[in-house]
Amino acid sequence: MTAGTIEDDPVVAAATAGDETAFGHLVARHRRELQVHCYRMLGSFEDSEDLVQETFLRAWRKRDTYQGRATFRAWLYRIATNACLDHLDRNPRSPGHYPMPATAADPGLGDTPPRSIPWLQPYPDRLLDPPATEAGPDHQVVAKETIELAFLAAIQYLPPRQRAVLILRDVLGWSATDTATHLELTVAAVKSALQRARPTLRRHLPERRAEWAPTADPDDAERDLLRRYMAVLDDPTPTAFAEILRADVRVTMPPNDLWFAGRTSFVAGMIEMFDPASPNYFGEWRSVPTRANRQPAVANYVRRPGDTEFRAQVLDVLRVEDGMVAEITSFIPDLFPAFGLPMTL
């Protein structure tokens with residue numbers, strides 16, 4: 001069903017007439033995809049939770065304005081998009097760069113600081129798709145190339161309304177006419193915004209991103225790499241790290257200003273943290289595999305010296321190129337519960 005299709009659904013009719021139970025069914029039907037939409041707009045999982053809730057509050061208050069000339073789903077997308085734009089107008093933010101010099105960098109690799117997006121957060125794969133029993137006719141698989149961290153980071157460079165146009169046109173596949181209607185723009189303005197947005201997006205994506213396979217499922221090689229990454233964390237040696245990390249690996253830790261450029265410098269710091277004889281020893285580590293943004297991820301727990309429990313420490317999201325880890329984005333553990341992960345082991 002397209003954005004411009006006339007709605008003919010008794011549940012929608014009941015909900016717009018004030019039936020709270022029917023409205024609850026519609027909330028359950030559309031919450032997942034609308035939260036993903038808000039996440040793309042905002043780059044923050046926590047903000048997306050707040051804004052999808054705001055979307056449904058606005059929809060309930062405005063239910064008598066729904067005329068049925070477009071699908072109820074499209075009407076909700078319009079409300080969600082406007083809620084996100086209002087949020088961004090109230091809370092303007094723009095990406096910057098990590099400070100120079102790098103926390104540690106190999107020769108020749110630390111001259112260009114990576115982008116810094118302090119509000120960027122990972123999105124649990126387990127929340128991307130509904131259970132098979134709940135997938136309705138409008139359900140669309142969230143493709144890797146439209147949810148991975150590199151894409152989320154790149155679209156944060158777009159002004160909010162350009163971002164909205166690009167998401168509606170290139171991600172959701174809406175027509176220029178539908179996009180213009182829902183953003184209250186002219187078709188010419190939509191086309192102009194898209195023409196400006198696409199080159200900006202390409203400039204901020206990794207160079208080889210166009211070669212990545214558009215798939216939602218990990219392949220055997222990726223699963224094997226994740227197992228090897230976790231094995232290295234259990235028994236870290238420079239040689240083992242060298243076998244899984246690209247020489248030019250980048251490591252960032254939003255919202256912190258720490259960043260590493262190059263395998264040698266990063267591994268040196270890691271070995272010190274893992275070595276009980278080192279003055280920088282951090283503790284004993286355990287790892288749990290998970291997935292974020294259709295990418296392999298590892299939830300890390302640490303038992304500090306003198307502690308009795310392994311406590312949530314960091315979530316590593318991996319970007320893989322040519323069978324090796326090209327980038328690690330390490331997040332603070334606040335979102336472990338969203339991934340279904342405990343805070344202690």
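Basis for what follows: all heavy atoms, side chains included, without hydrogens, waters or symmetry-related copies. Not measured: the values here are computed from a predicted model.
- Arg246 places no side-chain N or O within 3.5 Å of a backbone atom of Val320 that could act as its donor or acceptor partner.
- For Glu284 and Arg303, the salt-bridge test passes: some basic side-chain N is under 4.0 Å from an acidic carboxylate O.
- Leu109 and Leu258 fall into different hydrophobic clusters, defined by Ile, Leu, Val, Met, Phe, Trp and Tyr side-chain heavy atoms under 4.5 Å apart, directly or through other members.
- Remark: side-chain polar atoms of Asp125 are paired, donor with acceptor, to backbone N or O of Asn293 under 3.5 angstrom.
- When atom types are taken as modelled, the side chain of Arg319 and the backbone of Glu327 share no donor-acceptor pair closer than 3.5 angstrom.
- A donor-acceptor pair under 3.5 Å is formed between the side chain of Gln121 and the backbone N or O of Glu46.
- Residues Tyr77 and His182 keep their aromatic ring centres 6.0 Å or farther apart.
- When the options Arg294, Gln295, Arg40, Gln35 are evaluated for a side-chain contact (heavy atoms from CB on, under 4.5 Å) with Tyr123, the one that passes is Gln35.
- No side-chain donor from either of Thr55 and Arg58 sits under 3.5 Å from a side-chain acceptor of the other.
- For the pair Arg250 and Phe260, the cation does not sit on the ring face, since its NZ or CZ is not both under 6.0 Å from the ring centre and inside 45° of the axis.
- Interatomic distance, Thr146 OG1 to Lys144 NZ, rounded to the nearest 0.5 Å: 11.5 Å.
- Residues Asn256 and Ile332 have side chains in contact (heavy-atom distance under 4.5 Å, counting atoms from C-beta outward).
- Val288 pairs in a side-chain contact (heavy atoms from CB on, under 4.5 Å) with only one of the listed residues (Tyr301, Phe336, Phe339), which is Tyr301.
- Side-chain contact between Asp106 and Phe266 is absent, with no heavy atoms from C-beta onward closer than 4.5 Å.
- Residues Thr200 and Arg163 form no side-chain contact, since every pair of their non-hydrogen atoms from C-beta on lies 4.5 Å or further apart.
- The backbone N or O of Leu152 lies less than 3.5 Å from a partner atom in the side chain of Gln156, making a donor-acceptor pair.
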message: Please determine whether side chain to side chain donor-acceptor pair (under 3.5 Å) holds for the pair Arg78 and Thr81, giving the CA-CA distance in whole Å, both sets of side-chain angles, and the decisive distance to 0.1 Å.
response: CA-CA 5 Å; Arg78 178 177 183 173; Thr81 303; over 6 Å; no
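- Residues Met230 and Arg286 are not in side-chain contact: their nearest non-hydrogen atoms beyond the backbone lie 4.5 Å or more apart.
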